[in-house]
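Order of the sequence lines sets the chain letters (A, B, ...), proteins ahead of strands, with each chain counted from 1. Quick caveat: nothing in here was measured; it's all calculated off a predicted structure. When reading the values below, keep in mind they use all heavy atoms of this one structure, side chains included, and skip hydrogens, waters and symmetry mates.
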Amino acid sequence: MELNGYHSGDAATAASDDDEAAGPKQQPRPSREETASSGRAEGAVSEGSSAAERRSSSSSAARQRLDSLKRGRPPFPWFGMDIGGTLVKLVYFEPKDITAEEEQEEVENLRSIRRYLTSHTAYGAAGIRDVHLELCDLSMCGRTGSLHFIRFPTHDLPAFLQMGRDKHFSSLHTTLCATGGGAYKFEEDFRLMADLQLHKLDELECLIHGVLYIDSVVPSECYYYENPADPEHCEQRPFPLENPYPLLLVNIGSGVSILAVYSKDNYKRVTGTSLGGGTFLGLCCLLTGCNMFEEALEMASRGDGTRVDKLVRDIYGGDYERFGLPGWAVASSFGNMMCKEKRESISKEDLARATLVTITNNIGSITRMCAVNENIQRVVFVGNFLRVNTLSMKLLAYALDYWSKGQLKALFLRHEGYFGAVGALLELLNPS
Amino acid sequence: MAGHSSGTNRGSHSMDKSITLPPDEIFRNLENAKRFAIDIGGSLTKLAYYSTVQHKVAKVRSFDHSVKEADGDPLYEISVQEEITARLHFIKFENAYIETCLDFIKDHLVNTETKVIKATGGGAYKFKDLIEKKLKLKVDKEDEMSCLIKGCNFVLRNIPHEAFVYAKHADSEFRFQTTHPDIFPYLLVNIGSGVSIVKVESEDQFERIGGSSIGGGTFWGLGALLTKTKVKFDELLQLASKGQHTSVDMLVKDIYGGAYGSLGLTGDLIASSFGKSATADKEFSKEDMAKSLLHMISNDIGQLACLYARLHNLNRVYFGGFFIRGHPVTMHTITYSINFFTKGEVQALFLRHEGYLGAIGAFLKGAEEDNPNQYSWGENYAGSSGLMSVSPDLNPMQRARSGTFDMLEMDRLERQLVNLPLLQDPSSYIPDTMDLTEDALAREYWLYCFEEALDGVVKRAIASQPDMPEAAERAEKFRQKYRHKLQTLRNQPFAYGSLTVRSLLDTREHCLNEFNFPDPYSKIKQKENDVALRYYLKVVKSLEELSWEQRQFALVRGLLAGNVFDWGAKRPWLVDAYNQWIERLKGPPHTCALFFVDNSGIDIILGVFPFVRELLGRGTQVVLASNSGPALNDVTNGELQILTERIAAMDPVIHSAFKEDRLTLVQSGSSSPCLDLSRLDKVLATVVRERQTDLVIIEGMGRAIHTNYYAMLSCESLKLAVIKNSWLAERLGGKIFSVVFKYEVPPKH
């Protein structure tokens, strides 16, 4: 389930060459941030919450922590984590306004984590930092810094925990805010393997808070496709998501969840489908022998799905006018594969394309029905299925526009799959 | 499919030619056939045609009574006449047989006035030339979807227990639904290679409101790719039914470690179909992948169907198409999906004759000038194979006997059948008291009873036609046919909808008719009527001598026991509302009583008529409803006509009432010893309404116990019978010869 190898031709995820062999244990290299150094100590302030008690500790680290607490913010490091079925998404806030005093006070472990994360773009065999998504000069909780976006396959979580153990992460006594199913499934592993206590958060709440936050701080976060039907003139256009409610939020990860959002804290899960990104990759692996998302997508981009699918025109010779079905519409996904001769005449690329189109159209179809049933016109698609997947995004944009006769608009967000992790980080900074 | 053809030469036409068809069983009445229609699907062909069937029917004709007849002369003349009835034939077979079948039809088709064959289905195009060449008929293509809808409306309207809910783990897998009198609106989800979702609002008004490309073709095509075998659809389903999807699918518990409690998602739900197969270094079994695929597709279709049902506010959703076509596996997964997504608000409904809808629709389009929709049609149990007849799992015997040919025959009924206007809630009315499909003990008992009684029925049938030497041979054929039906019902109690005592009786009547025993009891009835008439005046006179109170009791006993035996003398009865009835009689008279009568002879003449006489005396009009056609020793409308005239000749009370139309005879529209109040002659319904009927009397085991025991009417009703079966009496908490006297008054609004 290596969804994110860095062997792909995807320019957006730059992998650093000299980390190829490095495991999570690798020591960080020196970086420019090292130059800053200063420290500041503040008096002890007691706070009654259990979280605060956990955070407070002895020695200089304790002083720093108490300083943070006094200012109403948690001690560093600031992480938000979303452990999904396929991918772990990690957001990390790197403070850039560290004073010399702070630098001096900064415990070695914390420094080493910071340097490891910020100086690399790839971790281990399949961990990736999405540099193009990094948010610089971001002010959070009175601090200024960069927000980093990192992902690695969920099956590499043991290696991650091992690294946490080796780097004595637990000595920082930080709260690790985590969401996604893995926060529940691996809670004990975090405790036993890395001596870390997870603060578990609901994934849908995190998702919504993450979306709203990122959209509020990133000017061009939300966009749509203009002329999705016309490849020549199809272009991305920014969409200002002011006053976003009501909103249909479609999160396409391994599976799909569809939420109707009426305000920051008023939402419901309308439905979901098990035909999601995991299905695309799972079927592609079985059908083509590939094993990576990027590889599957790349094949899909070169394939021709219409050789695999039975189209309306294959049955009716043209449009099925009686019911207003255009000839190009797919009548039966994989329908041509009922026939042995046709099975022998298609390529792996064709199969990958058909799989992608099938899954995407189905999500579009269910989404459209939910939008109509919930009476919502604006639909935002998020989730890692859409990462580097303009094919699916344009398909969704087109399908929604065509079948709703222009009533529905498909919107996309640049930080696709990271909103749950961002939401978890927000919970750390502003506990509700 | 085609599993019995040789493996090496599977599907080749030369092979199939050698298959000989059992002609008398499959393409019946071809010599009168006309108006052909054909629906050729991906693997099955459905042929439809119309024929006229010559039937022997027993007619009774009154003698001229102007001459005083001698004692011992029969009351009326019974003659067997030929009657022509219309029948629809539908035959389903594998495409492999198509050429053989066309040859067979060509050889046997005598009537050549037919010039056109209506055709629908994806294969109609492919086989067009073959059909035109073989049959010399012009192929006239009809739109698939409109045929489907037309067919669907037709079966929903004409076949009771057409729709069912599938429940895999219940006592009875098939739970048949009473058809709502208004069949519209409904949603039809047709799962062929793709999925079409159609909203049907009236006979001619329907709209394809949606669909999906993920359908049966996806299951088949993707399944063939995944399993890397040249499999047929059914084989793929077989694989799927043996697989474990959890090794391929990512479940909620694979992500959460357990349930996602706050959303109410249990750990076993599929979070991501094929989510575990995204790896290069693991092999998955064909069975597991097929199962995962089946779940994926069924869930997806179920979800879309629910979204459309909700959007259009519809709760009747019928599923059909080759993905469903009687496959328990897909019916189960679709049902599961619908239950999950609607939390039980919408039920997935399936149709017994789903496979025939296209052919029926195409046929109806071709028969528009005959206007088949103006008639009521009834399923002929003798000529229909029943649900799952070709399922090798369920019925290996049937398969060996007639290959994979499945048949449906429908007879045109002489009259339009409608609901009794006095039913409290027509949509929830269920005629039958006991559902033998669900009650295994009762089923066992009644099947045994009917088998035991078979010898007697055969003997009586032969005896009813003493002048016909081949009667014994025909009776033997009847015996074989009915015994086979009983065996089928033992294996597939759901074959013709809910199995009931009524359906067992009706099937027997259909089989008797099939072999030209229209009325085995005619002679017996004649004799009994004769005898009873002789006592009529005596009985009336002795009743008149009784006090009012005594007379009322004697009249009721007369109804219960035909005045002969001592049944019912001792009270309280098993169900005893006699006192309430007497109290009611002390009040104002009823405006009009509708009386569903039972047996000939003593019952009708010495039980019913004196009771009717009393009602007439109170100023109540009486409508006597009797069977249109013969069933056991029940009095038929024709017989009752003569009996009434004879009694009127003796009894001035009856005479004047009959003459002044205060006593009326109507046909019930039925030829069954039981009574379905939702399928009655339209004339009866009109009379009931016009005369402001406020009392319904139902007598006898068949009409008041086996059926209608729990029927709720919107007016007063009497249901009375002696339970002449110890098993049934015990079931109802009594002993043999227990008396039921139910007097019910509907709740006042």
Side-chain angles (χ1 to χ4, degrees), chain A residues 1-3 84-86 180-182 184-187 202 204 253-255 269 271-279 281-287 289-291 293 308-310 315 322-325 329-340 343 351 358 361-362 365-366 369-370 372-373, chain B residues 42 122 143 145-146 192-194 196 207-208 210-226 230 233 248-250 252-258 260 262-263 265 269-281 284 289 295-296 299-300 303-304 307-308 310-311 341:
Chain A
M1 279 200 300
E2 286 154 299
L3 212 72
T86 311
Y184 296 81
K185 186 181 178 186
F186 301 110
E187 185 182 17
D202 180 78
L204 300 184
S254 314
R269 183 178 187 273
T271 189
T273 167
S274 70
L275 284 83
T279 314
L281 187 57
L283 281 175
C284 271
C285 291
L286 293 172
L287 293 173
C290 74
N291 58 24
F293 183 66
V308 178
D309 296 337
K310 203 182 269 277
I315 301 174
R322 172 84 174 73
F323 294 122
L325 290 176
V330 181
S332 172
S333 297
F334 289 86
N336 280 340
M337 299 296 92
M338 289 187 275
C339 162
K340 188 171 174 282
R343 282 205 292 276
L351 289 173
T358 302
N361 275 341
N362 190 60
S365 170
I366 291 174
M369 285 308 296
C370 291
V372 177
N373 271 338
Chain B
D143 173 69
M145 193 59 72
S146 37
S193 44
S196 282
E207 186 192 355
R208 185 188 188 277
S212 167
S213 68
I214 302 184
T218 315
F219 179 66
W220 195 348
L222 195 47
L225 287 168
L226 289 172
K230 189 190 162 204
F233 180 77
V248 184
D249 289 341
M250 185 182 283
V252 166
K253 69 180 171 203
D254 292 321
I255 301 176
Y256 270 83
Y260 184 178
S262 63
L263 284 184
L265 303 177
L269 280 182
I270 304 170
S272 174
S273 294
F274 288 90
K276 280 184 191 158
S277 68
T279 166
D281 43 56
F284 296 92
M289 288 187 292
H295 276 305
M296 178 180 105
N299 286 338
D300 194 55
Q303 179 171 28
L304 274 173
L307 287 167
Y308 279 102
R310 195 174 304 151
L311 183 64
F341 284 109

Side-chain contact test, heavy atoms from C-beta onward, threshold under 4.5 Å: evaluate it for [X] versus [Y] and give yes or no.
X      : Y      : answer
B:N299 : A:T273 : no
A:M338 : B:W220 : yes
B:I214 : A:L275 : yes
B:R208 : A:R322 : no
B:D249 : A:S274 : no
B:S213 : A:D309 : no
A:T358 : B:L222 : no

(message) Regarding B:Y260 and A:D202, do their side chains bring together a donor and an acceptor under 3.5 Å, going by distance alone?
(response)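 Short answer, yes.
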
(request) Would you check, one step at a time, whether the test side-chain contact (heavy atoms from CB on, under 4.5 Å) holds for A:L286 with B:L225? (result) CA-CA 9 Å; A:L286 293 172; B:L225 287 168; over 6 Å; no

Who wins among [options] for the most heavy-atom pairs under 4.5 Å with chain A?
options                : answer
B:L269, B:V252, B:D254 : B:D254
B:G194, B:S277, B:G257 : B:S277
B:L304, B:D143, B:D300 : B:D300

At a heavy-atom distance under 4.5 Å, which candidate from [options] has the highest pair count against chain B?
options                        : value
A:K310, A:R269, A:M337, A:K185 : A:K185
A:G282, A:G253, A:G276         : A:G282
A:L204, A:I315, A:L351         : A:L204
A:G278, A:S333, A:C370         : A:S333

(message) Donor-acceptor pair, distance only, cut-off 3.5 Å: does the side chain of B:Q303 make one with the backbone of A:T271?
(response)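 No, the answer is negative, given that no donor and acceptor are paired below the 3.5 Å cut-off.
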
(message) Which atoms of A:L325 are under 4.5 Å from chain B, going by heavy atoms: the side chain, the backbone, both sets, or neither?
(response)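 Contact with chain B: side chain only.
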
(request) Show your reasoning for whether side-chain contact (heavy atoms from CB on, under 4.5 Å) applies to B:T218 and A:S332. (result) CA-CA 6 Å; B:T218 315; A:S332 172; 4.2 Å; yes

Please report the closest heavy-atom contact between [X] and [Y], naming both atoms and the distance.
X      : Y      : answer
B:I255 : A:G84  : CG2-C, 4.3 Å
B:S212 : A:N362 : OG-OD1, 4.4 Å
A:R343 : B:A224 : NH1-CB, 3.2 Å
B:G211 : A:S365 : O-OG, 4.5 Å

Identify which part of [X] has an atom lying under 4.5 Å from any heavy atom of chain A, answering side chain, backbone, both or neither.
X      : result
B:Y308 : both
B:M289 : side chain
B:F219 : neither
B:L311 : both

(message) How long is the straight-line distance from CZ of B:F274 back to OG1 of A:T279, given to the nearest 0.5 Å?
(response)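 The OG1 atom of A:T279 sits 8.0 Å away from the CZ atom of B:F274.
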
(message) With rounding to the nearest 0.5 angstrom, report the CZ to SG distance, B:F284 to A:C285.
(response)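 B:F284 CZ to A:C285 SG: 9.0 Å, rounded to 0.5 Å.
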
(message) side-chain hydrogen bond (donor to acceptor under 3.5 Å, both in side chains), that's the test. Do A:S254 and B:S272 meet it? Break it down for me.
(response) CA-CA 6 Å; A:S254 314; B:S272 174; 5.1 Å; no

